[in-house]
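First comes the structure, then the notes that go with it.
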Amino acid sequence: MQGAEYGDADLKKAMANELRQRLVEAQKEGRPLRVYCGYDPRTSDLHLGHTITMRKLRQFQDLGHAVTFLVGTGTSMVGDPSDKDKLRAVLTKEETEHNARTYAEQAYHILDREKTSIRFNHEWLLDLKLADLIKLASAFTIQQFIQRENFKLRWEKGDPVYLHETFYALMQGYDAVAMNTDVQVGGSDQLFNIITAGRKLQEAYGQRPQIGIIMGILPGTDGVVRMSKSLGNHIPILAESGDMYGKVMSLPDSAMPIYFKLVTRYTPVQVKAVEESLAQATRHPRDVKMELAREIVSIFHSEQAAVEAEEQFKRVFQARQAPEDMPEYALQSGQTLLDVLMAAKLIASKSEGRRIVEQKGVRLDGEVLPDAQAVFPHIGVLQVGKRKFVRVKIKDEG
RNA sequence: GGGCGGUUACCCAAGUGGCCAAAGGGGACUGACUGUAAAUCAGUUGGCAAAAGCCUUCGGAGGUUCGAAUCCUUCACCGCCCA
């Protein structure tokens, strides 16, 4: 179970045992295991952090089990109230279904399209009656919830803990009941929802409790805090190849091992080899990171795209040359440098433009341009900072 | 229902009449350096302006004052505690 992370050796052992047993049973019954993982449809795009559980699902698929990609259309109504600045996005059915399709498309970079069934948990959650809810709730004590670390911390800090946040676990637990699942995969933040809520409710409904497979959490591009779109440290699955490559390269060295472990297709043996080469400094960390970036781009784009992204990266950041493709801007006569920067959308305001020019951040064909106010000198490649390039041309040309 | 507190720039957060376009941190941006868009170091971080300066911003509206993020009135939203 590469990448599994229970934070508790006993639990890990228990889960491994149960999984083994369940596999034997299922084989006797001649059925595949029912495996699922849920995804919140409120954010529009998935990122590398989501792919960890998908990769695990994929392994089950490859072994012939029945995998469900569950879209949390019902649970998303509760959501995580820690995003207070966001409006309660009440998504229409059309919007959620649209998101779900987009999701699935993104997920198929990892999952096998033919073998994945997509379900929406509003199908069963929104039909629950009050009496059902009471039954669900009666399987738990307030104490169990107060014990949870994230509630506990907030409680102690005097921060609010909303009643409906407790529903989230119940709803997620009921998913397992509704689908009568054998295995649920999730991140370690889902430990309670999977192990406590899911298993308890299944027992309450006379089902065999599911086995939880708890995966490690991927840190974001800062290398420390978990990857999340709202923290802005994410690498979207849909990022274009050059951007994806660059984002991986911007990871701190310390994050490389966990990325190899959780995101790549490498086997445990290969991961170990990489870790050792880093620990013993037998390979240059930059080369290792480039290998990582290449692998990740290959997963979501292609080998070809990865090679191209790497060439581009070398060219722009190592050799400090202009990229081959860049946007173009048609120069109009009499425009100052500031006008051009503004019109080509390289800066957000003129003040910002002045500042950057003062800081020697603007170059034309490699020469620093010192005066924001001067008339634009000649056509060529205009560069702002290290990453922004525009080819400035005469108006009618091309 | 009662008591108390809060709403400040991209985010967190200080500021309780003038020295406030507003401390500090994070993030972001620029430069130097290099192994890279990492790390480190330096700088920048509301808008307009060449500049002096002007304008907009401290939840909304109104008021007091020569002068308000700071005081008053009112509205909205949020939170904690007690019941």
Side-chain angles (χ1 to χ4, degrees), chain A residues 81-88 151 153-165 219-236 239-260 277-278 281-294 296-297 309-323 326 336-339 341-342 345-364 366-375 382-389:
Chain A
S82 68
D83 314 332
K84 276 201 206 76
D85 46 337
K86 279 180 199 143
L87 286 176
R88 289 158 284 155
F151 287 158
L153 279 175
R154 281 153 66 190
W155 185 284
E156 282 165 1
K157 268 176 65 186
D159 284 347
V161 177
Y162 290 90
L163 187 59
H164 75 273
E165 291 182 73
T221 47
D222 55 282
V224 182
V225 186
R226 69 171 300 163
M227 184 175 285
S228 103
K229 190 182 181 184
S230 57
L231 292 175
N233 64 357
H234 69 307
I235 303 178
E240 344 130 57
S241 54
D243 190 39
M244 186 178 268
Y245 189 95
K247 284 203 159 89
V248 174
M249 288 308 285
S250 79
L251 290 171
D253 292 354
S254 59
M256 284 197 273
I258 192 160
Y259 269 71
F260 272 105
S277 69
L278 283 171
T282 51
R283 287 180 68 198
H284 197 300
R286 179 203 53 209
D287 296 335
V288 177
K289 206 180 286 178
M290 287 171 92
E291 179 185 327
L292 177 66
R294 221 163 41 229
I296 291 178
V297 174
E310 183 162 295
E311 273 163 19
Q312 184 92 319
F313 184 85
K314 281 183 182 162
R315 199 180 149 86
V316 177
F317 298 109
Q318 292 183 349
R320 304 261 171 156
Q321 289 169 353
M326 63 182 101
T336 62
L337 173 55
L338 213 47
D339 294 334
L341 290 173
M342 204 62 193
K345 299 203 170 83
L346 291 165
I347 52 173
S349 71
K350 291 189 174 180
S351 297
E352 182 190 326
R354 285 203 186 87
R355 261 179 248 131
I356 293 178
V357 170
E358 239 168 69
Q359 292 170 140
K360 304 190 200 323
V362 178
R363 290 186 177 84
L364 182 61
E367 298 282 313
V368 172
L369 294 178
D371 188 357
Q373 217 58 34
V375 173
L382 182 64
Q383 177 180 6
V384 174
K386 286 176 187 141
R387 307 161 61 171
K388 287 190 243 171
F389 295 87

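Every chain is numbered from 1, with letters handed out A, B, ... down the list of sequences. These numbers come from a predicted model, not from an experiment.
Nucleotides C71(B) and A52(B) place their P atoms 33 Å apart, quoted to the nearest Å. Nucleotides A37(B) and A28(B), compared at atom C1', are 13 Å apart to the nearest Å. Spacing of P atoms, C48(B) relative to C4(B), comes out at 46 Å, to the nearest Å. When the C1' atom is used for both C58(B) and A9(B), the distance is 8 Å, rounded to whole Å. Across the C1' atoms, C55(B) and A49(B) are found 11 Å apart, a figure rounded to whole Å. Here, A22(B) and U56(B) have their C1' atoms 14 Å apart, quoted to the whole Å. Comparing the P positions of U57(B) and C66(B) gives a spacing of 22 Å, expressed to the nearest Å. Taking atom C1' in both U65(B) and A50(B), the straight-line distance is 37 Å, to the nearest Å.
If you measure from atom CG of D222(A) to atom P of G26(B), you get 13 Å, rounded to the nearest angstrom. In this entry the distance linking NZ of K350(A) with P of A51(B) reads 12 Å, nearest Å.
For E358(A) (side chain) and K360(A) (main-chain N/O), no donor-acceptor pair under 3.5 Å exists by modelled atom type.
For the pair L251(A) and L292(A), the minimum side-chain heavy-atom distance is below 4.5 Å.
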>> Walk along nucleotides 28-41 of chain B from 5' to 3' and tag each nucleotide B, S or - by protein heavy-atom contact under 4.0 Å, base first, then sugar-phosphate.
In response: -SSS-BBBBBS---

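Scored by the salt bridge (Lys or Arg N to Asp or Glu O under 4.0 Å) test, R286(A) finds no partners at all (sequence neighbours excluded). Every residue two or more places apart in sequence or in another chain that forms a side chain to side chain contact (heavy atoms under 4.5 Å, CB included) with V224(A) is listed here: D222(A). Residues satisfying the side chain to side chain contact (heavy atoms under 4.5 Å, CB included) criterion with K386(A), sequence neighbours excluded, are F317(A), R320(A). For R387(A), there are no side chain to side chain donor-acceptor pair (under 3.5 Å) partners at least two apart in sequence or on another chain. Every residue two or more places apart in sequence or in another chain that forms a salt bridge (Lys or Arg N to Asp or Glu O under 4.0 Å) with K247(A) is listed here: D243(A).
When both distances must be under 3.5 Å, the Watson-Crick or G-U wobble mate of G18(B) is C66(B). When both distances must be under 3.5 Å, the Watson-Crick or G-U wobble mate of U56(B) does not exist. Of the nucleotides present, G43(B) is the one that pairs with C29(B) by Watson-Crick or G-U wobble criteria, both distances under 3.5 Å. With a cut-off of 3.5 Å on both pairing distances, the Watson-Crick or G-U wobble partner of A76(B) is U7(B).
For S349(A), a side-chain nitrogen or oxygen approaches OP1 or OP2 of C48(B) to under 4.0 Å.
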